[in-house]
*Asks:* 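The structure is given below, and queries will be raised subsequently.
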Amino acid sequence: GVEGVFIPAQVAAAAALLARNSNLSAVLCQFFREDLLAWTSRKGKGSSGGVHLPSDTLKGLVVKNTQQVLERVRHFAPELVVEDVLPSRPVHAGALELSDAAMSPKTLCRMDPTWMPWY
């Protein structure tokens, strides 16, 4: 398994990213917006007029991608604990599930060989 501080650090980072005063959502929106605009400009270089992404389509794609990332971060973030109520699972359960899935032989055998550590 994963020993040391990797799982606790992952849980702490997720909790910090989802904190009330976090600006993760705004940063992700800006990142996805710029990435989508760059992708459409690269895609249009070979054609004669370029590719234009309407602003409502761009906004929808940015919101959808941001929500997906936030949902993945919420998966391994610790649950909020209410006084006198024990959490339904350990604090690190989500991060442990993701780490176990990433290290399983079924997942590793499907990985592209250029991502292997010997490259």
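For the numbers below, each heavy atom of this structure counts, side chains included, while hydrogens, waters and symmetry mates do not. Everything numeric here is computed off the predicted structure, so don't read it as measured data.
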*Asks:* State, to 0.1 Å, how close G94 and F76 come at their nearest heavy-atom pair, and which atoms those are.
*Replies:*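 Smallest heavy-atom distance, with atoms named: C-CB, 3.6 Å.
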*Asks:* Is R74 atom CZ crowded by more than 12 heavy atoms from other residues, nucleotides or ligands, each under 6.0 Å away?
*Replies:*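 Correct, the count exceeds 12.
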*Asks:* If you round to the nearest 0.5 Å, how far is OG1 of T66 from CD of Q68?
*Replies:*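 Result: 9.5 Å between the selected atoms.
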*Asks:* Of all heavy-atom pairs between A77 and A15, which one has the smallest distance, and what is that distance?
*Replies:*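 Heavy atoms only, the tightest pair is CB-N, 4.5 Å.
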*Asks:* Between the side chain of T107 and the main-chain N/O of M103, is any donor-acceptor distance below 3.5 Å?
*Replies:*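 No, T107 side chain to M103 backbone: no donor-acceptor pair under 3.5 Å.
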*Asks:* Taking L37 as the starting point, is it possible to reach V62 by hopping between hydrophobic residues whose side chains are less than 4.5 Å apart?
*Replies:*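 The answer is yes; both residues are in one hydrophobic cluster.
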*Asks:* Keeping the roles fixed (side chain from D35, backbone from F31), state whether a donor-acceptor pair exists under 3.5 Å.
*Replies:*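 Judged by distance alone, no pair lies under 3.5 Å.
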*Asks:* When you compare the side chains of E71 and Q67, does any donor N or O come within less than 3.5 Å of an acceptor on the partner?
*Replies:*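 No - no donor-acceptor pair under 3.5 Å links their side chains.
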*Asks:* Where is the tightest heavy-atom contact between A16 and S22, given as atom of each residue plus distance?
*Replies:*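 It is O-CB, 3.7 Å.
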*Asks:* Using 0.5 Å steps for rounding, measure from the NZ atom of K59 to the CZ atom of R33.
*Replies:*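 With rounding to 0.5 Å, NZ (K59) is 12.0 Å from CZ (R33).
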*Asks:* Output yes when a side-chain donor or acceptor of T57 lies under 3.5 Å from a complementary backbone atom of L53, and no otherwise.
*Replies:*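 No; judged by distance alone, with no hydrogens or angles, the pair does not exist.
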*Asks:* Could you tell me which non-hydrogen atom of S99 sits nearest to which non-hydrogen atom of F6, and how far apart they are?
*Replies:*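 In terms of heavy atoms, the two residues are closest at OG-CE2, 3.8 Å.
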*Asks:* Hey, could you give me the OG/CG distance between S25 and L18, rounded to the nearest 0.5 Å?
*Replies:*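 Spacing of OG (S25) from CG (L18) equals 10.5 Å.
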*Asks:* Check whether any side-chain N or O of T40 sits under 3.5 Å from a backbone N or O of L36 as a donor-acceptor pair, and report yes or no.
*Replies:*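 Flag set: sc T40 to bb L36 pair under 3.5 Å.
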